[in-house]
Amino acid sequence: MEERYNPQKVEPKWQRYWEERKLYKTELKPSDKKFYCLEMFPYPSGKIHMGHVRNYAIGDVIARYKKMCGYNVLHPMGWDAFGLPAENAAIEHGVHPLEWTYDNIDYMKKQLNRMGLSYDWDREINTCSPEYYKWNQWFFIKMFERGLAYRKSSYVNWCPSCATVLANEQVIAERCWRCDSVVIQKELEQWFLKITDYAEELLQACDELKGWPEKVVTMQRNWIGKSTGVEVDFKIEGIEEKIRIFTTRQDTLFGATFMCIAPAHPLVGKLVSDKDGLERIRARYGRMDEKLGLFTGHYAVNPMNDEKIPIYVANFVLMEYGTGAIMSVPAHDQRDFDFAKKYGLPIRVVIVQDSGVQGFKDSSENTISHSVTTPLESSTPHEIKEAYEGEGILVNSGQFSGLRSDIARQKIAKFIEENGLGKIVVNYKLRDWGISRQRYWGTPIPVVYCDKCGIISVSEKDLPVILPDDVKFAGKGGSPLLESETFLNTECPKCGGRARRETDTMDTFVDSSWYFIAYCFGKGNINFNSELRTQNPELKYWMPVDQYIGGVEHAVLHLLYSRFFTRVMRDLGLLSVSEPFQNLLTQGMVIKDGAKMSKSKGNVVDPDYLIEKYGADTSRLFSLFASPPEKDLDWSDKGVEGAYRFLNRLWGVVYKNKFKVQSSKFIVHNISSLQPSALSLYRKTHQTIKKVTTDIEREYHFNTAIAGLMELMNEITSFEPGSDEDWATFRFTIETVLLLLSPFSPHITEELWEAIGNKPSIFEQKWPDWDEEAAKEEQIELVIQINGKLRSRLMISPGLSDDEIKKMALEEQKIKEIVGSKTIKKVIVVKGKLVNIVTSNE
RNA sequence: GCCGGAGUGGCGGAAUUGGUAGACGCAAGGGACUUAAAAUCCCUCGGGGCUCUGCUCCGUGCCGGUUCAAAUCCGGCCUCCGGCACCA
């Protein structure tokens with residue numbers, strides 16, 4: 001190589017070397033401790049963006065670091081290759097999705113390799129290959145057999161622009177997560193996966209996700225949305241049927257003044273005669289902007305007090321949650337309050353704010369004898385401005401009056417159960433996962449419809465159901481599979497008669513719910529041993545993922561589905577773990593000019609351009625240095641140059657001293673024989689090993705680790721070696737810098753490692769250890785404070801006792817002057833840090 | 001509205017257990033080298049004041065508190081970002 005740092009020469013050289021030597025190939029070594037490091041795999045959209053660069057740079061540092069620390073590291077990569085953009089490209093440009101996808105994969109794989117990422121490409125997976133999606137179908141069949149996959153008709157989220165269904169998790173503020181169109185409700189027959197069977201377990205296990213950001217765990221908890229309450233049956237006057245409502249506030253039952261049912265409630269047909277009115281409500285079902293009600297003309301009877309209350313159909317009552325019917329307590333629920341005002345319904349106060357001052361001993365004291373008076377109780381309904389939703393004391397509630405609301409909830413729930421009025425229930429916001437998509441570019445759902453036998457799953461031996469590639473892309477609603485006769489027509493696996501295939505494909509989130517398990521097998525070897533029922537040794541060894549890294553946008557969707565799938569696989573006897581991801585790192589966004597980097601904002605930085613201009617090492621280094629991984633990264637072109645300068649300085653200092661370094665050996669028998677400047681450099685080197693190592697171990701704070709390396713570099717450039725021992729120290733420091741920097745900037749360190757006469761690869765070296773003794777300063781600076789204000793400094797040797805330090809501080813000239821005649825009240829000595837002298841005021 | 005997170009120089013960010021606020025980098029200013037520029041190297045770099053090689057006061061969103069000592073802990077606000085949002 002040459003005098004000047006030229007990443008365009010250095011980087012391809014080492015990429016070739018790594019590939020030829022298969023340096024990143026991983027094999028199962030039962031005796032070695034393993035580390036599974038995983039970054040979220042990309043969708044092959046065309047090119048990688050800065051978000052990928054950041055994500056993969058973080059993952060690569062961890063993988064390389066752990067490898068140097070002696071772990072057997074699994075670090076794979078693959079492609080989340082099914083999905084809409086490929087199909088849209090087919091419609092717009094006439095390219096087949098398959099071709100489009102594979103071209104993109106080729107290009108992006110080259111880009112990833114140019115970044116110098118340490119992937120074991122022998123384990124690459126691609127979700128659109130039949131050998132992968134075969135197992136999607138296999139899981140589906142297993143779930144179907146166990147009743148975990150089922151078909152039902154329901155109102156679904158429909159994106160008119162994508163012409164397909166969306167899962168609840170894919171609807172963001174009433175808009176499509178992908179194209180931002182307003183989502184409408186449509187009734188369709190759909191396939192669902194019964195994630196709700198695992199709701200309680202998924203919720204409970206949130207407590208065990210110690211290695212996850214609290215934020216993500218909270219989001220999962222909220223998404224599962226558990227609430228405990230009661231279901232209560234209300235009779236309907238003049239009609240046989242009852243209406244069952246769900247409430248978590250049974251303590252307000254006596255305050256119910258009307259009832260609301262969902263437009264899709266089964267009794268609506270019987271109760272409503274105004275069909276036009278009902279249509280108007282239905283048309284606005286699920287819309288947040290306006291709350292509409294239609295009086296049915298019927299009355300329900302409150303089982304607690306036999307009161308007649310009017311029944312309304314309301315657009316805001318969801319059929320999917322609870323029982324599709326609610327009691328309305330306007331005094332204690334703001335939405336009910338607004339509704340009551342709008343339709344002139346009565347408002348009755350049944351909870352008054354507890355003054356909290358008297359008459360209240362403890363929770364075992366259930367009743368209170370004194371009367372409670374608050375403004376709310378004395379109010380007539382006309383005077384109430386808003387609902388009181390808090391806790392309090394019950395009034396106007398028959399035998400329960402006087403109870404505290406939390407106790408009343410228990411008592412009333414018990415009363416309801418004992419009197420056969422209803423039961424205690426637990427509800428979750430989490431719904432079953434609708435996986436049917438009316439699209440071509442996805443995994444065919446392995447089901448056939450037979451006139452005789454009904455819905456039959458494809459038999460295991462006939463898997464995979466291949467997605468046909470001879471289809472036309474019209475671009476007008478509906479899947480192209482509907483027009484493929486060869487695909488549509490098939491035999492019934494049960495009776496052999498004519499049958500029609502399911503044309504819906506699976507949500508692509510199914511693909512990504514278990515890909516991390518697929519990597520364990522390696523390319524072409526996925527096999528779940530369905531017959532043997534034994535656990536695959538690879539799965540047993542590698543799972544769970546030790547460190548998962550990706551964007552926070554998947555905090556619910558992908559991460560929840562993966563936790564669900566892992567449990568299903570566990571229950572199928574395939575896995576022994578329940579949680580797929582031990583530790584999760586959610587990296588921040590890449591920001592430029594105050595906004596997230598995006599094509600629409602026009603503020604993107606192209607990784608290709610960056611690598612051409614500065615090289616991969618600089619790009620990686622900057623994206624790791626600019627901020628800690630979990631925070632947003634503010635992109636700065638000037639900052640990139642700073643990282644480039646640093647690598648240039650390193651290159652320069654090594655090449656300037658190359659021959660001298662090559663001929664030096666670091667064997668220091670006696671540290672005390674070193675000259676002061678060499679000793680100081682030697683000490684700083686050990687301090688830096690300690691700093692970099694602990695910064696990586698502690699929350700992956702790469703930014704401060706790199707800052708530490710820059711500090712050490714500053715010392716190296718000011719060090720002027722003279723003696724052999726100086727040169728030996730210098731060599732030691734250079735080697736250490738290269739080792740410590742290698743996970744961040746792998747090519748340049750590999751090159752310089754070779755240049756100073758070492759054998760490649762640097763990644764076969766052990767991560768350096770520090771010597772605590774050698775890292776210790778001979779003299780430490782103590783700060784002397786008077787009343788907490790810095791007044792002077794003192795150099796001392798570390799071994800001194802508190803009393804000695806105290807004495808020295810008080811004898812210090814300046815301190816003496818300031819203290820003068822004041823009385824010293826107290827002297828505080830903090831080891832290795834400071835002395836604080838507390839004096840009287842004068 | 002509810003649940004998270006954050007607020008520190010001109011900027012990105014350090015400060016690990018309450019113990020020297022501003023590490024490291026960027027930008028800026030000054031200087032060296034050069035015919036010149038780039039690159040590189042050296043110096044300065046939170047604000048104010050003073051008797052200016054030094055000293056001193058103020059300073060981590062705001063107001064208060066605890067403490068010998070607070071960016072850090074407590075109470076009350078403000079602002080910004082992210083998520084959820086008719087969930088009965």
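Here is how names work: the chains are called A, B, and so on, in the same order as the sequence lines, proteins then strands, and each is numbered from 1.
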Go through RNA chain B and write down every stem, that is, every run of at least three consecutive Watson-Crick or G-U wobble pairs with distances under 3.5 Å, as range with range.
B:1-7 with B:78-84, B:10-12 with B:24-26, B:28-32 with B:40-44, B:46-50 with B:54-58, B:61-65 with B:73-77
For nucleotides 22-29 of chain B, 5' to 3', base contacts (B), sugar-phosphate-only contacts (S) and non-contacts (-) with protein non-hydrogen atoms under 4.0 Å give -BBSSS--
Protein heavy-atom contacts under 4.0 Å, written 5' to 3' over nucleotides 44-59 of chain B as B (base), S (sugar-phosphate only) or - (none), form the string ------------SSS-
Please identify each residue that fulfils salt bridge (charged side-chain N to carboxylate O under 4.0 Å, His left out) with A:Glu711, with sequence neighbours left out.
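Testing A:Glu711 for salt bridge (charged side-chain N to carboxylate O under 4.0 Å, His left out), a comparison that skips the adjacent residues, returns A:Lys684.
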Can you list everything that forms a side chain to side chain contact (heavy atoms under 4.5 Å, CB included) with A:Asp632? Sequence neighbours excluded, please.
A:Met589, A:Ile591
Suppose we screen for side chain to side chain contact (heavy atoms under 4.5 Å, CB included). Which residues come up paired with A:Ile824, at least two apart in sequence or across chains?
A:Leu810, A:Val819, A:Val827, A:Ile837, A:Thr839
Sequence neighbours excluded, which residues qualify as ring-ring contact (aromatic ring centres under 6.0 Å, His included) partners of [X]?
X	value
A:Phe234	none
A:His686	A:Tyr682, A:Phe732
A:Trp635	A:Phe622
A:Tyr285	none

Among residues 828-835 of chain A, which residues get a heavy atom nearer than 4.0 Å to RNA chain B?
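Of all residues in residues 828-835 of chain A, the ones placing a heavy atom under 4.0 Å from RNA chain B are A:Ile828, A:Val830, A:Lys833, A:Leu834.
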Looking at RNA chain B, which of residues 210-221 of chain A put a heavy atom within less than 4.0 Å of it?
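The answer is A:Lys215, A:Thr218, A:Met219.
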